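So the structure is just underneath, and the comments pick up after that.
In what follows, chains carry the letters A, B, and so on, assigned in the order in which the sequence lines appear, proteins first and then strands, with residues in each chain numbered from 1. All values below were derived from every heavy atom in this structure, side-chain atoms included, with hydrogens, water molecules and symmetry-related copies excluded. Keep in mind it's a predicted model, so treat the numbers as computed, not measured.
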Amino acid sequence: MSLMIINDLVFVLIASITLLSALGMVLSRNIVHSALALILTFIGVAALFFNLGAAFLGLVQILVYAGAISVLIIFAIMLVMHGEAHKTNRFNPSLGTHLWGGYIAAVMTIGLVAAIWFSELPEVKGRTVEDAVGLLAGLLLGNYVIAFEAAAVLLLLAVVGAIILARGVEEQ
Amino acid sequence: MIGKGLLKGLGITLKHGVEKPKTIQYPEQRPYLQERFRGCLEFDYKNCIVCGMCTKACPNNVLSFETAPIEGSKKKRLVSYTIDLQYCMFCNLCVEACPTNTLFFVHDFELSTYRRDEIKKVYIPPALTQVDAGGGQAELIPQDALEPDREAEAEAKRLKQLQAMKTALSKGGQKVLAKYVDTEEDAAVLANLLQADEKKRDKMAALIVDDKEKARKVAQAFVAKERKTQAGGEEK
Amino acid sequence: MIETETYTINIGPQHPSTHGGLHVEAIMDGEEVKDAIVHVGYVHRSVEKIAESRTYAQFVPYASRLDYLASHLPTLGYVQAVEKLAGIIVPERAEYIRVIVSELSRIASHMIFVGSLAIDLGATTGMVYCFRDRERIMDMFEMSSGQRMIASYMRLGGISADLPESFYPAVESFINDLPGMIAEYHGLISGNEILQERCKDVGILSAQDAVAYGVTGPNLRASGVDYDLRRDDPYGIYPRFEFRVPTGQNGDSWDRFMVRIEEMEQSGRIIKQALRDMPSGEIQAKVPRILKPEKGREVYHRVESSKGELGFHLVSDGSDKPYRVHVRAPSFINLMVLPLICRGGKLQDVITNIATLDPVLGESDR
Amino acid sequence: MEHLFTNIAQILTSWMVSLGLPPIWADLILLIGQWTIIVVIVTLNVIVLVWLERKISGFIQERLGPNRLGPFGAFQTIADAMKLLTKEDIIPSQADRWIFMTAPMLFIVIAVMLYAVLPLGQGMEVVDLNVGLFYFISLGSLSTICLLMAGWGSNNKWSLLGAMRSVAQMISYEIPLAFSLLGVVMLAGSLNLSEIVTAQNRYWFILLQPVAFLTYFIAATAELNRGPFDMPEAEQELTAGAYTEYTGMRWALFFLAEYTNLVAVSALAATLFFGGGQGPWLPSWLWIIIKTYLIMLVFMWMKWTFPRIRMDHLMSFSWKVLIPVSLANILITGLGIEFFRGMGW
């Protein structure tokens, strides 16, 4: 019994941190603070993975999202930022855009809730995956190897394109 | 091959890492100072002839002095002499300019003080007294010249005597020793003994100079002991 | 195309690797230096003005303080300038002793150069070894003049005191150990591939630019210009000595480093010859206590200091004090090429360039 | 001796259970206890390490190093720590306060968290995670963010430049670091650190994977921001890089975290390449301490010998040398494993 209670408590704690940091990301006036809050959100999600017993996925989440992608985001912010940092993430002054944003968000939320509500999720009760890493590796390099390689080639192309874009500055 | 230089550098640092340190542990170990090392500038008023060459030579106005006229003489006397060490460049120009070696450098190099005015050194020569120089002429000399250091003189005299006694004893000194023993024979024995033993010789010499009574007793004891050992040696 | 914004970064005046109070305003694009502006004058002590209120003899200790890393060299330049002005002939032995201490100064200064380059590039230990070896020179200066760093040893018309007996074995053992010391620098500092990467092709100064900017000394020779005042405009007794003037080819930081290392060896050679040929005799010419050179006489005298051409321009007005003393400070002029050689390099190259130009701010700011 | 600490832990757990605590609570208390011990040991160890570093630099530079306070100057670091604790905590007025203040704390938290999976002896890891090595790498990537926060929060150009450098450097060197570890993982067939140690029963992996060890060592030096790769700090160029504006205890936390990382990385090297706690005569936890310290000595020796590499060379070294070499190492390892399997080993 007590194990369940602790588990629930931990879940509530992690979920609230994740949600709060997500909120902080949206509401913060400083875009760098937003980016840092985003990192905290990523870590929260990783913790949720841990809580579900998917340690490998959680670590991938930390390594890729919190460790790499967020740094990329911060770099991008710093590259394009003008003016003072604490005014960078100001709400858009036009009311119409506000309304549009709210409308889209509401539609998305309703759609998501409906999708979860009406779909039949397979129950995985009492079944834990022993060798998650091995299974994942088997799937990625077995069944889905073509998709995996295609994604790799796409990323390589993106990297080459980025280098070409960046080197253009030197030629000028 | 890349990396060879890196390894060589590592080798050099390793070699020095196991060597003995080359530094001096300063407050305990004092640095060795060369003879000409210029630490602190000092002033000896006794030699000063108040010519002012030092102040003329100094590039930085470190030196200054006050004078007062001497009555009945064209000369001036020194009232005070100031070395403001905080401006001193230790360039040695004043020392070279001084004709009487009044200014000189000493090896003391720990000159830091807590306050700015503490580093300023002021020398005030003792007041002058008029003495009769004979022939009705008055002469001014420093006060402390009148009161010669009696203790130091006594000490110097004692040292001189001691040295003389030591040399005398090392060359025999039978006649001297005869005063402290009963017979001539004893004196000869004692002289031989002292000639052989430097420690006893020094002790004897000191006693003869300082305390004649005690010297007599010790001398007799020496002779008695020597006689005894000699007798023991013969028996064997 | 991406447009990137430039920003200014102030290297100095409070910065660990600016060799004193140097201030370089670097205009940066990311890690790349677009331009650099050199600000000097943070350690200005108005030495030239002080000279006007001191007698000729009194200025000697101030001259020592110009280039405090090789204090005998500016003193030599100054006393020789005054001797030229007043027509004083220096005794033979004094000339030899002057050469010995000046060349020792040059070695000491170059040792500081090697050490400070090492520490500026992050190799702390290299600096310590250089300072350890320099300490032996400082001990010799203490023996001869009584002062270690700012030894005002030279006097108008000679030197302040003859060399003590303990000086000769010290200098001989030092000269014998010098190749070993240099081998150690090569092993630890210049043999290091990381340092080579950081110095080679960094801060290239072409011969043309070097001449145009008036760069002198090892920095000029590193650019391939074979010019050394000791050989090309000899002063004192330098023509009597045999030595090679080392030159570089590319004028990059690496050449500036290697030229100085070789100069240390050549200085060792000169000291050896001077010790061999040194006559005995007087060390001080008869110089009037109050020196009053002829009115209106002007003289410019230059010596090859460890930093470059160090010149003294003296004007006399017939009094016992000079009317005007101008110092042509090589560090000041050499520093002016810093923007030129920094442009297009990385931020870290600015540090390398400052280190290999080897400025002494005491001399540059006067 | 071998099972000293594991036995103590067992006795404690059974004692708490006998007191009537549910086993889960007993485990939790034990976990907290273990963490506390790790934090205390790490902090005290840093004091020893700083002393050692200064002594080693002293010996290399023909000095004595600290020698005034205590025997061989051993208490010097304690005095320094006291000084840092009592110093004024300055926060620049233009700094981004919260980011500035949290960066050092996060840095040390991440550094200490690395110890969770390290087997500090046989059966002496806090959490026996089956993806332990991966945990190590992914947590290490987080420390980048802390340096970036420090650089950004200080609102100082030197700091930001140092932070940018360190981010670029750490991201580039994470790749060869991970790749060099892959060779070991392939040989051991597991990401679990204690299983990797067991896999080295016959040979230490340094013998089978020398190239991997070399790349790991270089990449780890860069990850640790230690000389010759101390880009973010770079006293001579960036004054103190990301740490320029930090004073007192906040600065000391960075220092603490750097040394903590040093121990963790060295302990990982000992675990992966030098057989972890394996060794004759002595208990396993003593062996791992000895091996870790020996590796750290090499790190210190390197720092006091080499000059700092230039930023662009640093990057091109990683991308053009280390990554291809470590990739080739993976390929050769894979081929070798297949070959020997084919031979019927």
Side-chain angles (χ1 to χ4, degrees), chain A residues 1-7 9-10 24 28-40 42-43 46 49-50 53-75 77-79 81 84-86 88 128-134 136-137 159 163, chain D residues 21-28 94-99 102-103 106 109-110 113 116-117 127-149 151-153 155 160-161 163-164 166-168 170-172 174-175 177-178 185-186 189-192 319:
Chain A
M1 266 313 280
S2 67
L3 186 67
M4 286 297 285
I5 292 169
I6 291 173
N7 217 352
L9 276 176
V10 169
S28 168
R29 291 194 156 225
N30 185 333
I31 198 160
V32 180
H33 288 187
S34 289
L36 293 174
L38 180 65
I39 294 171
L40 196 58
F42 285 149
I43 294 173
F49 278 127
F50 272 107
F56 183 75
L57 275 185
L59 289 172
V60 168
Q61 171 85 16
I62 289 181
L63 182 69
V64 175
Y65 285 94
I69 294 212
S70 52
V71 171
L72 198 72
I73 291 171
I74 292 178
F75 267 33
I77 288 170
M78 287 178 180
L79 273 178
M81 199 171 64
E84 293 191 34
H86 56 89
T88 39
T128 47
V129 186
E130 276 302 310
D131 186 16
V133 187
L136 261 175
V159 168
I163 290 174
Chain D
L21 271 174
I24 176 87
W25 284 109
D27 274 348
L28 207 64
Q94 294 299 306
D96 200 332
R97 257 183 102 80
W98 280 99
I99 296 181
T102 43
L106 274 181
V109 165
I110 288 167
M113 274 173 78
V117 290
V127 186
D128 192 12
L129 202 61
N130 64 343
V131 282
L133 194 57
F134 195 55
Y135 170 88
F136 208 90
I137 295 168
S138 60
L139 261 197
S141 76
L142 273 186
S143 54
T144 325
I145 307 249
C146 301
L147 278 176
L148 194 59
M149 281 166 74
W152 169 262
N155 202 357
L160 191 62
L161 213 55
M164 289 296 201
S166 75
V167 168
M170 285 166 101
I171 286 181
S172 317
E174 240 157 48
I175 301 165
L177 187 80
V185 172
M186 285 160 82
S190 169
L191 283 166
N192 188 321
W319 290 99

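- The CZ atom of A/Phe56 sits 9.5 Å away from atom OG of D/Ser138, with the distance rounded to the nearest 0.5 Å.
- Within the 4.5 angstrom heavy-atom criterion, atoms from both the backbone and the side chain of D/Ile137 approach chain A.
- A/Ile43 is listed as a side-chain neighbour of D/Leu142, based on a closest heavy-atom distance under 4.5 Å.
- Contact annotation for D/Met170: neither backbone nor side-chain heavy atoms come within less than 4.5 Å of a heavy atom of chain A.
- One finds the CG atom of D/Leu106 at 8.5 Å from the CG atom of A/Leu40 (value rounded to the nearest 0.5 Å).
- Contacts of A/Val64 with chain D are absent, with no heavy-atom separation under 4.5 Å from either backbone or side chain.
- The two residues D/Ile145 and A/Ser70 come nearest to each other via the heavy atoms CD1-OG, 3.5 Å.
- Within the 4.5 Å cutoff, the side chain of D/Tyr135 has no heavy atoms near those of the A/Ile62 side chain.
- The nearest pair of heavy atoms linking D/Ser141 to A/Gly67 is OG-CA, 3.7 Å.
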